Undergrad: 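So that we are looking at the same thing, I have put the structure below in structure tokens.
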Amino acid sequence: MDSKEAVEFINSLFDEKTKPILNELEESICLGVWEGKTYADISAKTVYAEQYLREAGTKLYKRIKEDLGINVNKKNFKNPIEYRYKQRVLEQDFQPLLNTDNLRLTSPPAPLLRGEGSNFNPFVPLSTRVDDPQQFFNRDREIRRVFEVLNSGSSVALIGEEGIGKSSLLWKICQLAESRLQSPRQSVFLDLNWVNDENDFYSALCHEVGIPETRSMLNRNLRSHRVLLAIDNVGKMTWEGFTRQVRSHLRGLAEGSNAPLKLVLAANEPLGKLFNNSQDESKTSPFTGIFQEENLKPWDETTARAFIDARLAMTSVTFTEEEIIQLVQESGGHPRRLMQLCYRTYSRYVEGGE
């Protein structure tokens, strides 16, 4: 990416956020800084005084950080922008810029020289869901399939082992719903780990939707709403405090293409097995037959390598080929295990001075 392409990309990000694009002064600073020029160099090529450029540059870096969420400064400007660009390309599966053989950019951004970058560890979060759009990685195929099912009028269940990325994907689906759903729906994310029982569940649902917290009036109050309800850790509905009734109620509210609720659930095992084994399911579970299940699998070697490359792209660290092979093999492509192993490997570089 050259300086003009970088300016165009930055402007596109501002435009997406409905923020003012770069003015002439800010554009001059971006072009100069991208090309490695000092403020004195930029001043010599423009009508702006050097001190004025310094002050405007400080304000510009702050604006980029606050409006775009990209932490830049004069010394470290290119790599954070290029990292965001690379993440955008991978997230949108923009094939003309990808080498489909190894899922890398055909012209990947050059990493920072050792010693110039921050020592922050990019391999986070270690155990919680990824709720930062810039940290979310891969799962484009699953996202497409989920919205195909939702747009067909059905509900979806994300199935996979602990730490495979269900919660992160569920959160991402909520963020994309506004642009991907053919019929608009309000996105509501509920994590049952924060819910004690079904009464608490109903209260949380009503609160998030913005309707009176009255369980007996739920059907009537939802009549004028269209909600995409994402429920994480749905296996907790088999615990004490939850009955078959709440699942039957959710099914009734989700049946039909124009139903008040459309559901996306995340569970560690198939719903039929999960709920038919629960004590109060003497008959077929109410959830049977209304969900298309999307099974999340570990990443293959190509994707795991691309993940490592993406996280290292804005740092001063480069893993050796032997380290990458070991990380991929030990993790088995399991996203959480790979994150944790990479975190430890990166820490050794920073703490050990390698």
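Every value quoted in this text rests on a predicted model; they were computed, and no experiment measured them.
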Undergrad: Determine whether Pro260 and Val227 make a side-chain contact, defined as any pair of heavy atoms from C-beta on separated by less than 4.5 Å.
TA: no
Undergrad: Just how far is it from atom CG of Leu60 to atom CG of Asn23, taken to the nearest 0.5 Å?
TA: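 Rounded to the nearest 0.5 Å, the CG-CG separation comes out at 8.5 Å.
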Undergrad: Apply side chain to side chain contact (heavy atoms under 4.5 Å, CB included) to residues Trp34 and Ile81 and explain how you reach the verdict.
TA: CA-CA 10 Å; Trp34 192 272; Ile81 299 296; 3.7 Å; yes
Undergrad: Which heavy atom in Tyr61 sits nearest to a heavy atom in Ile29, and how many Å separate them?
TA: OH-CG2, 4.2 Å
Undergrad: Within 45 degrees of the ring normal and closer than 6.0 Å to the centroid, is that where the cationic atom of Lys74 sits relative to Tyr39?
TA: yes
Undergrad: How about Val317 and Thr345: do any of their side-chain heavy atoms sit closer than 4.5 Å?
TA: no
Undergrad: Check each of Phe319, Phe137, Phe136 against Phe307 using the ring-ring contact (aromatic ring centres under 6.0 Å, His included) test, and report the only one that passes.
TA: Phe137
Undergrad: Please check this pair: side chain of Lys262 against backbone of Arg185, looking for a donor-acceptor N/O pair closer than 3.5 Å.
TA: no
Undergrad: With no hydrogens and no angle check, do the side chains of Thr303 and Asp300 hold a donor and an acceptor under 3.5 Å apart?
TA: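 The answer is yes; a qualifying pair exists.
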Undergrad: Looking at Leu126 and Gln340, what are the two nearest heavy atoms and their distance?
TA: O-NE2, 3.1 Å
Undergrad: Going from CD on Glu198 to CG on Leu205, what distance comes out if it is rounded to the nearest 0.5 angstrom?
TA: 12.5 Å
Undergrad: Would you say Ser203 and Asp200 are linked by a side-chain donor-acceptor pair, where the criterion is simply a distance under 3.5 Å?
TA: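 No, Ser203 and Asp200 have no side-chain donor paired with an acceptor closer than 3.5 Å.
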Undergrad: Got Arg145 and Gln292 here, is their nearest side-chain heavy-atom distance under 4.5 Å?
TA: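 A side-chain contact is absent here, since even the closest heavy-atom pair is not under 4.5 Å.
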Undergrad: Looking at Ser168 and Val130, would you say the former's side chain and the latter's main chain have a donor-acceptor pair under 3.5 Å?
TA: yes
Undergrad: Do Val209 and Trp194 belong together in a cluster built from hydrophobic side chains that touch within less than 4.5 Å?
TA: no
Undergrad: Could you tell me if the side chain of Leu31 sits less than 4.5 Å from the side chain of Ile42, heavy atoms only?
TA: no
Undergrad: Going from CG on Leu228 to CZ on Phe147, what distance comes out if it is rounded to the nearest 0.5 angstrom?
TA: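 One finds 7.0 Å between CG of Leu228 and CZ of Phe147.
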Undergrad: Is there a donor-acceptor pair closer than 3.5 Å between any side-chain N or O of Gln186 and the backbone N or O of Glu208?
TA: yes
Undergrad: Flag the pair Asn268 / Lys166 as yes when at least one side-chain heavy-atom distance between them is below 4.5 Å, and no otherwise.
TA: yes
Undergrad: Under a 4.0 Å N-O cut-off, is there an ion pair linking Lys59 with Glu55?
TA: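 Glu55 and Lys59: not salt-bridged.
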Undergrad: Locate the shortest heavy-atom distance separating Ser187 from Ala177; write the atom from each residue and the value.
TA: OG-CB, 3.2 Å
Undergrad: Keeping the roles fixed (side chain from Arg311, backbone from Gln135), state whether a donor-acceptor pair exists under 3.5 Å.
TA: yes
Undergrad: Quiz question: by atom type and distance under 3.5 Å, do the side chains of Arg226 and Asn258 form a donor-acceptor pair?
TA: yes
Undergrad: Are any of the side-chain nitrogens in Glu301 or Arg305 under 4.0 Å away from the carboxylate oxygens of its partner?
TA: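 Salt bridge flag = yes for Arg305 with Glu301.
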Undergrad: Apply the side-chain hydrogen bond (donor to acceptor under 3.5 Å, both in side chains) test between Ser167 and each candidate in Asp232, Asn193, Asp191; give the one that qualifies.
TA: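 Testing Ser167 for a side-chain hydrogen bond (donor to acceptor under 3.5 Å, both in side chains) against Asp232, Asn193, Asp191 leaves exactly one candidate, Asp232.
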Undergrad: Quick one: do Asn151 and Leu181 satisfy side chain to side chain contact (heavy atoms under 4.5 Å, CB included)? Show the steps, please.
TA: CA-CA 6 Å; Asn151 286 324; Leu181 286 179; 3.8 Å; yes
Undergrad: Quick check: closest heavy atoms across Pro80 and Ile70, and the distance to 0.1 Å?
TA: CB-CG2, 3.6 Å
Undergrad: Can you confirm whether Val124 sits close enough to Tyr343 that some side-chain heavy atom of one is under 4.5 Å from a side-chain heavy atom of the other?
TA: yes
Undergrad: Is any side-chain N of the basic residue among Glu8 and Lys4 closer than 4.0 Å to the acidic one's carboxylate O?
TA: no
Undergrad: Looking only at atom types and distance, does a side-chain atom of His249 sit under 3.5 Å from a main-chain N or O of Asn219, one as donor and one as acceptor?
TA: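 Checked: no pair found.
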Undergrad: Tell me whether Ser43 contacts the main-chain N or O of Ala40 through its side chain, where contact means a donor paired with an acceptor under 3.5 Å.
TA: no
Undergrad: Determine whether a donor-acceptor pair (N or O, by modelled atom type, separation under 3.5 Å) exists between the side chain of Glu269 and the backbone of Gly235.
TA: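 The answer is no, because no donor-acceptor pair under 3.5 Å joins these two groups.
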Undergrad: How far does OG of Ser12 sit from NZ of Lys17, to the nearest 0.5 angstrom?
TA: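 Interatomic distance, Ser12 OG to Lys17 NZ, rounded to 0.5 Å: 11.5 Å.
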Undergrad: Evaluate Leu53 against Leu25 for side chain to side chain contact (heavy atoms under 4.5 Å, CB included), listing each step before the verdict.
TA: CA-CA 8 Å; Leu53 287 168; Leu25 170 61; 3.6 Å; yes
Undergrad: Nearest 0.5 Å please: distance from the CG atom of Asp309 over to the CG atom of Leu312.
TA: 7.0 Å
Undergrad: Just checking His207: does its NE2 atom have more than 12 heavy atoms from other residues, nucleotides or ligands closer to it than 6.0 angstrom?
TA: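 No, because the 6.0 Å sphere around NE2 of His207 holds 12 heavy atoms or fewer from other groups.
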Undergrad: Can you name the closest pair of heavy atoms from Arg139 and Leu169 and give their distance?
TA: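 What the structure gives for the nearest pair is CB-CD1, 4.2 Å.
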Undergrad: Could you check if a side-chain atom of Leu263 sits within less than 4.5 angstrom of a side-chain atom of Val156, using non-hydrogen atoms only?
TA: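 Counting from C-beta outward, Leu263 and Val156 never come under 4.5 Å.
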Undergrad: A quick test of your reading: do over 12 heavy atoms of other residues, nucleotides or ligands sit less than 6.0 Å from CD of Gln326?
TA: no
Undergrad: Between Phe189 and Arg129, is the side chain to side chain contact (heavy atoms under 4.5 Å, CB included) condition met? List the steps.
TA: CA-CA 13 Å; Phe189 184 97; Arg129 70 170 179 265; 3.5 Å; yes
Undergrad: With a cut-off of 6.0 Å (strictly less than), are more than 12 heavy atoms of other residues, nucleotides or ligands near CD of Gln51?
TA: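 Enclosed: over 12 neighbouring heavy atoms sit under 6.0 Å from CD of Gln51.
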Undergrad: Could you measure the distance from the CG atom of Leu22 to the CG atom of Asn11? Nearest 0.5 Å is fine.
TA: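 Going from CG on Leu22 over to CG on Asn11, the span is 4.0 Å.
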Undergrad: Is Arg84 positioned over the aromatic face of Phe9, cation under 6.0 angstrom from the ring centre and no more than 45 degrees off axis?
TA: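 Relative to the ring axis of Phe9, which defines the angle, Arg84 lies outside at least one limit.
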Undergrad: For the residue pair Met237 and Ile231, what are the closest heavy atoms and their distance?
TA: CE-CD1, 4.4 Å
Undergrad: Does some side-chain heavy atom of Tyr48 sit less than 4.5 Å from a side-chain heavy atom of Glu24?
TA: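 Side-chain contact under 4.5 Å: yes.
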Undergrad: Between Tyr346 and Phe120 (side chain of the first, backbone of the second, donor and acceptor by atom type, cut-off under 3.5 Å), is there such a pair?
TA: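 Side chain of Tyr346 to backbone of Phe120: a pair is present.
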